[in-house]
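Starting from 1, each residue takes its place in the sequence as its number. Just the heavy atoms: all of them, side chains too, but no hydrogens, waters or symmetry mates, feed the values below.
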Amino acid sequence: MNTLKKINSESTELPDCIISHIFSLLSLKNLVKTSALSKQWYHEWGLRKDLTFDLHNMFDYSTVPELPTTLPPFQQIQFQFAASLYNFMQTYPGDMISSIRVKFPLGIDHTYAIDGLIHKGVLKGANRIELLFACETDFNIQPYKFLFPFLSGPNSLTYLHLQNCHLAATMEFSGLKNLRTLVLTIVPVKQNMLHYLFFNCIHLENFSLNQCLFLSDLKITSPSLLHLNINCGPIISWRNIDIIASKLLSIEFSSDCNYDRSLRMVNIKSHMLFKFSYKCGNISNLVDFSGLRNVTTIEFDGLRECLQSEVITHLFSECLQLQDVTFKECNIKCDMKISGAKLRHLRIIDCLYESRCSYKIDIDAFNLSSFEYRSHTIMNPIISVWAPKLLKVFWDAGSRMENVYNFGTIARLHLLEDLTMHLGLSQISVLRKDLVRFQNLRQLKLFIVGAYKPERDYLWILDIAMASPHLQKLSLTIRNGNSKTSHMVGSQRQRREHVRFIHKDLKYVELHGCVCSITVIELASHLLRSATLLKQITFSCRHNFYIGAGRWTLDFDGCCWFERNFIHEHLKDEVNEQCRLIIL
């Protein structure tokens, strides 16, 4: 408020865009107070077009930091919130509203405030409304009934999210003809409601059902629907669902229920469907794959029911257009044969191999261009890969010595251009013999974990660079597996030498993590001498790294001893004018 007083004293007129930006930074309670600062600003707070009503915006957060845990104070806060919401909308002077968002546990007792809010929002052209009435509380709140006769006329609403509401049996959907996105969360759903919804919402493109209670079998029939998301959460359901949508492009289905207690997808008729994501404990709920024949991208996540070999065979025999397949955290207890004429991208991430038997994963994919594998289980499968066009690999089989041998099947693929690999210090002696076999590498990323030992060096990475004349980018991340052993031990020793060579393609080098050691400094020194066209070499203490399926670790712990001057003093005389030394 002091800032606003200063602005008001310095300038009597400000552009609407600046005033609107200033008001967007204020809570709604303080926003109303601006009308007292200036007669000119009496109606200016109406420039705020995106309205958010939550605990922070409606109260002084210092006095009400969180919801009360006993009923009388909770009901009092509810009453105050609803009254403030009603009064705000009654006095709101703006000519137009863009969006409304309410995040607070209101219910049927506060219908007067909610109806007034939506009525005025719709009249003023709101195109987005979110009513989020769920909260973590033990109190029984009777849900608000969504029944708006004023939505039967023309309006601009394109996005609607209802949470912990009831849709009235006589709900009128005819006024939602402009609706593009509908999200229902913790809302009881019946088939007759869906029928009227899809009949009237002729432009609906995105439909989400999150933790809804299904009161009947469902049939989703829509000629306009593009994206469907069904998240059952922990809700137990024995219902069936049919999906008939000629323009549907993607389906995301997830459930926390195991085995036969989740929604069953009986029939899918969507010939344009190209992406299917299935996160559930069992695959038997997906009755067959015949409705997925044109799917090009499919992801199975969290299957605890055994992924049997016949399921895999059926998948690849029915879905002949598959190009991108992901198995993540699935339970595998049998041999797998993955074969697809059009398969280009394959990921097997964090799958479980619980038996002491060594299963086989046989990959036969002529057009496969990228492969990701990650597993830290005690028993890893025997993997064979026939993919003559494979160019990109992410490989993390754990840091134990017994896990190195599967990598031999990758090392035989000499066309590989992009390799990201995790390895332990104990594995280097074996894997370095395979890593020098990739003569076509363009990019190499290595993540190495293990207790620092000053007698070990990283000069073997120079051997890889020598064997890969087309290498353009080299990235090395080092994590000291034992913080009690400082990687600064031996920092005063003489640098080791290596055979001199010339590399004309290497342009970028990145060194992350525990890189303030003489072993890394000598690696960087040799690279600076050998890479004649090097443009940039970067030192950073960050540890985060790629773990497959588009995920990165959130580990931002820095180096146990990172000293900028130590790096600079050792390398300043070796960096030529065309190369930049960056120390973050």
Classify the side-chain pair Thr553/Asn544 by whether it contains a donor and acceptor separated by less than 3.5 Å. no

Given side chains that start at C-beta, do those of Ser475 and His512 come closer than 4.5 Å, heavy atoms only? yes

For a quick check under 3.5 Å, do Ser530 and His503 share a side-chain donor-acceptor pair by atom type? no

Hey, does Gln321 have a side-chain heavy atom less than 4.5 Å from the side chain of Lys342? yes

Within the side chain of Ser255, is there an N or O that forms a donor-acceptor pair under 3.5 Å with the backbone of Cys232? no

About how many Å separate SG of Cys330 and CD of Glu299, when rounded to the nearest 0.5 Å? 9.0 Å

Return yes if some donor-acceptor pair links the side-chain N/O of Thr158 with the main-chain N/O of Arg180 below 3.5 Å, else return no. no

Is there side-chain contact between Phe366 and Leu368, with heavy atoms separated by less than 4.5 Å? no

What do you reckon, is CD of Gln536 surrounded by more than 12 foreign heavy atoms closer than 6.0 Å? yes

Got a second to check how far Leu423's CG is from Ile448's CD1, nearest 0.5 Å? 5.0 Å

Could you give the distance from OG (Ser277) to CD1 (Ile251), rounded to the nearest 0.5 Å? 10.5 Å

Quiz question: by atom type and distance under 3.5 Å, do the side chains of Asp324 and Thr297 form a donor-acceptor pair? no

Quick one, Ile220 and Leu225 - any side-chain contact, counting heavy atoms below 4.5 Å? yes

With a 4.0 Å cut-off, would you call Lys572 and Glu574 a salt bridge? no

We want to know whether His570 and Ser525 form a side-chain donor-acceptor pair, criterion being a heavy-atom distance below 3.5 angstrom. no

Does the side chain of Lys433 reach to within under 4.5 Å of the side chain of Trp460, using non-hydrogen atoms? no

Does Glu417 come within less than 4.0 Å of Lys392, counting only side-chain N to carboxylate O? no

Criterion side chain to side chain contact (heavy atoms under 4.5 Å, CB included) on Ile361 and Ile382, from CA distance to verdict: CA-CA 6 Å; Ile361 297 180; Ile382 299 172; over 6 Å; no

Is a salt bridge present between Lys473 and Glu510, judged by a nitrogen-to-oxygen distance below 4.0 Å? yes

Begin with the C-alpha distance, continue with both residues' side-chain angles, and end with the deciding distance and a verdict on side chain to side chain contact (heavy atoms under 4.5 Å, CB included) for Cys351 and Glu329. CA-CA 4 Å; Cys351 289; Glu329 298 184 15; over 6 Å; no

Is a side-chain donor or acceptor of Ser369 paired with a backbone partner of Arg344 at a separation under 3.5 angstrom? yes

Measure the acute angle between the ring planes of Phe447 and His422, then classify it against the limits of 30° and 60° as parallel, tilted or perpendicular. tilted

Can Asp350 and Arg374 be counted as an ion pair, charged N to O under 4.0 angstrom? yes

Within the distance-only criterion (no hydrogens, no angle test), does the side chain of Gln163 pair as donor or acceptor with the backbone N or O of Ala134 below 3.5 angstrom? yes

Rounded to the nearest 0.5 Å, what's the gap from CD1 on Ile349 to OG1 on Thr326? Could you check? 7.5 Å

Heavy-atom nearest pair, Leu248 first then His227, reads CD1-N, 3.7 Å

Roughly how far apart are Ser254 OG and Gln211 CD, rounded to 0.5 Å? 9.0 Å

Before accepting this row, confirm whether a basic side-chain N of the pair Lys103/Asp54 lies closer than 4.0 Å to the acidic partner's carboxylate O. no

Closest approach of Cys280 to Leu303 (non-hydrogen atoms, all atoms of both residues): O-CD2, 3.1 Å

Are Phe394 and Tyr546 near enough that their ring centres are under 6.0 Å apart? yes

Under the side chain to side chain contact (heavy atoms under 4.5 Å, CB included) test against Met421, which residue among Leu435, Val393, Ile410, Asp434 passes? Leu435

More than 12 heavy atoms of other residues, nucleotides or ligands under 6.0 Å from CZ of Arg580: is that the case? no

Can you confirm whether the side chains of Asp457 and Thr519 place a donor and an acceptor under 3.5 Å from each other? no

More than 12 heavy atoms of other residues, nucleotides or ligands under 6.0 Å from NZ of Lys507: is that the case? yes

May I have the step-by-step check of side chain to side chain contact (heavy atoms under 4.5 Å, CB included) for Phe407 and Val430, ending in yes or no? CA-CA 10 Å; Phe407 187 72; Val430 176; over 6 Å; no

Spatial distance of atom OG1 (Thr532) from atom CG (Leu534) [nearest 0.5 Å]: 9.0 Å

Side-chain (Ser540) to main-chain (Arg542) donor-acceptor, under 3.5 angstrom: yes

Please indicate whether His414 has more than 12 foreign heavy atoms, meaning atoms of other residues, nucleotides or ligands, lying under 6.0 Å from its NE2. yes

Just so I know, are the side chains of Leu471 and Phe438 near enough to count as touching, which here means a heavy-atom distance under 4.5 Å? no

Asn367 (side chain) donor-acceptor with Ala341 (main chain) under 3.5 angstrom: yes

Would a distance-only check, ignoring hydrogens and angles, find a side-chain to backbone donor-acceptor pair under 3.5 Å from Asp335 to Lys360? yes

Can you find a heavy atom in the side chain of Thr420 that is under 4.5 Å from one in the side chain of Phe545? no

Donor + acceptor pair across side chains of Gln443, Asp418 (<3.5 Å): yes

Can Val515 and Leu476 be said to form a side chain to side chain contact (heavy atoms under 4.5 Å, CB included), step by step? CA-CA 9 Å; Val515 293; Leu476 174 64; over 6 Å; no

Any chance you could lay out the side-chain hydrogen bond (donor to acceptor under 3.5 Å, both in side chains) test for His271 and Ser246, step after step, and finish with the verdict? CA-CA 6 Å; His271 67 276; Ser246 58; 5.9 Å; no

Close side-chain approach of His526 to Leu459, heavy-atom, < 4.5 Å: yes

Any side-chain donor paired with an acceptor under 3.5 Å for His470 and Arg442? no

For Tyr278 and Phe253, take the angle between the two ring planes, folded into 0 to 90°, and tell me which bin it lands in: parallel under 30, tilted 30 to 60, perpendicular over 60. parallel

